[in-house]
2 protein chains.
Amino acid sequence: MSARILIVEDEPALLRGLKDTFASKGYEVLTAPDGATGLDLALSRSPDLILLDIMLPRVNGYEICRAVRERGLEMPILMLTAKDREEDIILGLNLGADDYIAKPFRLGELVARANAFLRRSRTKPAAAFRFGDCELDLAAHKLFRGGAEIELTAKEFKLLEYFVSRRGCALARDAILDAVWGNSVIVTPRSIDRCVATLRAKIEPDPREPVYIQTIRDIGYRFEPGE
Amino acid sequence: MSARILIVEDEPALLRGLKDTFASKGYEVLTAPDGATGLDLALSRSPDLILLDIMLPRVNGYEICRAVRERGLEMPILMLTAKDREEDIILGLNLGADDYIAKPFRLGELVARANAFLRRSRTKPAAAFRFGDCELDLAAHKLFRGGAEIELTAKEFKLLEYFVSRRGCALARDAILDAVWGNSVIVTPRSIDRCVATLRAKIEPDPREPVYIQTIRDIGYRFEPGE
DNA sequence: CCCTGATGTTACCGAATTGTTACCTTGATG
DNA sequence: CATCAAGGTAACAATTCGGTAACATCAGGG
């Protein structure tokens with residue numbers, strides 16, 4: 001969770017403000033008041049992300065950016081600058097920066113942008129929905145229960161996917177038919193029951209007393225994943 | 001080199017302008033005039049980057065963004081919007097967007113930002129991939145199994161390459177056709193089966209009980225390299 | 001022009017899914 | 001308590017889907 005951020009900024013007040021903000025979000029913060037120090041730290045401490053002012057004494061931001069990339073380092077670099085001429089922005093991005101934020105900037109937005117980059121570089125453990133002892137992996141098209149994979153048929157999977165996407169909502173039979181079977185197909189209403197029954201048999205602890213897929217008499221069903 | 005970009009934007013003039021701009025830079029451009037179409041294309045054609053308007057008819061940009069991420073797709077998403085309140089920006093970024101660009105924007109800057117993301121995701125360090133007793137050498141375009149080289153036809157290789165690049169994911173037949181055969185060619189869906197069958201014969205320990213290339217009935221296939 | 005290998009198509013088979021029908025259980029209502 | 005409607009479920013049947021073999025087509029090379 002904790003990432004290391006390097007902030008290179010020559011104005012002390014701003015540097016302090018940025019440092020405190022990121023530190024309060026739980027980041028480990030390195031700071032540098034000038035370009036030369038910034039480049040040193042970037043190379044020696046390999047931070048996960050760099051916030052880089054452009055107008056710096058001694059070595060400017062563009063040069064740092066290029067130097068970092070030339071060394072083969074690939075951490076995201078966010079440029080902070082008062083220059084917001086389009087040419088400057090394009091130049092910065094082409095030199096290997098990932099974002100270019102014009103001063104004055106909003107702190108919340110800056111943090112959100114930094115988070116977005118850090119999120120991306122973090123390894124993903126496959127997004128999945130969890131409910132009870134089940135885990136639904138949409139990308140892999142798999143369902144696990146207590147670690148073991150459960151085989152679902154196409155209809156069952158589509159139905160469960162629909163339930164999960166509308167969890168907590170009462171779902172009318174019409175709506176389910178429309179979403180899972182498609183509005184052109186004509187089937188008896190019992191087809192839903194049947195599919196629900198097989199799905200319950202596979203995911204409910206006790207299919208006689210369903211907790212996840214609840215029946216709402218006269219309406220349809222509701223999927224309740226619990227907490 | 002050529003990347004595929006999906007642009008979701010409901011204002012025809014702007015959509016046209018964006019399309020022309022990116023097309024002239026050599027990108028393959030997909031367009032969608034509304035959210036529902038956009039989501040479909042994002043899921044079925046797996047573009048390398050998405051430009052997403054927020055205010056859209058039917059399904060709004062935030063929902064598309066979330067739905068795409070829930071499916072485990074990780075292409076960069078750039079949000080375009082007239083809203084530039086800080087809360088909106090933070091919301092968008094937290095939902096999995098990578099950049100948030102306020103209208104009116106500058107075209108050159110937009111292209112530069114898109115390029116920056118594509119440059120980053122294009123980093124392909126993997127020159128070889130191992131699974132079971134097989135080793136796929138992408139650079140040399142060769143497949144070895146237990147040290148001996150296995151001859152693959154062009155289609156088989158391309159298919160395996162695609163499988164490897166999307167390992168662990170459920171791959172719809174449409175998506176496979178699109179990626180391996182190309183979206184313009186029209187072939188029967190059985191051509192995929194045929195190619196899968198010959199590939200299985202070459203890489204599976206027991207082609208009758210495939211472990212690497214798994215069939216997902218009604219959906220397509222999934223490549224599972226194991227550990 | 002013919003041979004060869006790759007690739008696509010057609011046809012058939014077997015298996016699995018899925019819809020239907022029929023019957024049963026449950027719960028609401030008067 | 002009787003009745004009725006809705007949902008649960010088992011058994012069966014039909015359909016659909018994928019695997020595969022056999023054949024067709026096409027391109028390239030000699």
Side-chain angles (χ1 to χ4, degrees), chain A residues 141 143 150-163 170-223, chain B residues 141 143 149-163 170-204 206-223:
Chain A
H141 218 264
L143 175 71
I150 307 267
E151 299 283 347
L152 292 186
T153 68
K155 272 271 145 45
E156 288 164 1
F157 196 93
K158 210 168 172 190
L159 179 62
L160 180 57
E161 192 176 353
Y162 178 61
F163 277 149
L171 301 169
R173 303 174 87 83
D174 293 356
I176 298 172
L177 269 183
D178 200 34
V180 179
W181 273 258
N183 44 18
S184 50
V185 188
I186 299 164
V187 289
T188 45
R190 319 317 317 278
S191 298
I192 299 182
D193 302 329
R194 194 176 173 299
C195 197
V196 166
T198 58
L199 193 51
R200 276 178 173 156
K202 293 180 183 181
I203 68 172
E204 292 284 354
D206 174 10
R208 304 287 166 143
E209 282 297 324
V211 292
Y212 301 131
I213 304 177
Q214 298 170 2
T215 303
I216 314 177
R217 200 188 159 89
D218 274 335
I219 305 290
Y221 297 92
R222 177 179 48 224
F223 181 74
Chain B
H141 220 262
L143 175 71
E149 183 174 354
I150 307 265
E151 298 284 345
L152 291 187
T153 68
K155 273 270 146 38
E156 287 164 0
F157 195 90
K158 207 167 175 191
L159 178 61
L160 181 56
E161 200 175 1
Y162 178 60
F163 276 148
L171 301 170
R173 304 175 88 84
D174 293 358
I176 298 172
L177 269 184
D178 194 32
V180 179
W181 273 259
N183 48 18
S184 49
V185 189
I186 300 166
V187 289
T188 36
R190 318 316 316 279
S191 298
I192 300 181
D193 303 329
R194 182 81 210 326
C195 198
V196 166
T198 58
L199 194 49
R200 276 179 174 157
K202 293 181 183 180
I203 67 171
E204 292 283 354
D206 175 10
R208 304 286 165 144
E209 284 296 325
V211 292
Y212 300 131
I213 304 177
Q214 300 170 0
T215 303
I216 315 177
R217 193 184 220 265
D218 252 357
I219 304 290
Y221 297 92
R222 176 178 48 223
F223 180 73

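Every chain is numbered from 1 and lettered A, B, ... according to where its sequence line falls, protein lines coming before strand lines. The structure presented is a predicted model; accordingly, all values stated were derived computationally and were not measured.
Rounded to whole Å, the distance from CD on Gln214(A) to P on dG8(D) is 12 Å. Remark: P of dT17(C) and CZ of Arg190(A) are 22 Å apart, rounded to the nearest angstrom. Remark: C1' of dA11(D) and CG of Asp193(A) are 16 Å apart, rounded to the nearest angstrom. Here dT15(D) presents its C1' atom at 14 Å from CZ of Arg194(A), a figure rounded to the nearest Å.
Nearest to the side chain of Ser191(A), among dA21(D), dG18(D), dG19(C), sits dG19(C). Among the nucleotides dG18(D), dT7(C), dT20(C), the one closest to any side-chain atom of Thr215(B) is dG18(D). Nearest to the side-chain atoms of Trp181(A) among the listed nucleotides dT17(C), dG19(C), dT20(C) stands dG19(C). Nearest to the side chain of Arg208(A), among dT9(D), dG7(D), dT20(C), sits dT9(D).
Within the 4.0 angstrom heavy-atom criterion, no nucleotide atom of any strand lies near Phe157(B).
At dA6(D), none of the side-chain N or O atoms of Tyr221(A) fall inside 4.0 Å of OP1 or OP2 (strictly under the cut-off).
A salt bridge is defined here as a Lys NZ or Arg NE, NH1 or NH2 lying under 4.0 Å from an Asp or Glu carboxylate O, and Asp193(A) with Arg173(A) meets this definition.
Phe163(B) and Tyr221(B) have perpendicular rings, their planes meeting at more than 60° on a 0 to 90° scale where under 30° would count as parallel.
Counted by atom type alone, Arg200(B) and Thr215(B) present one or more donor-acceptor pairs between their side chains at under 3.5 Å.
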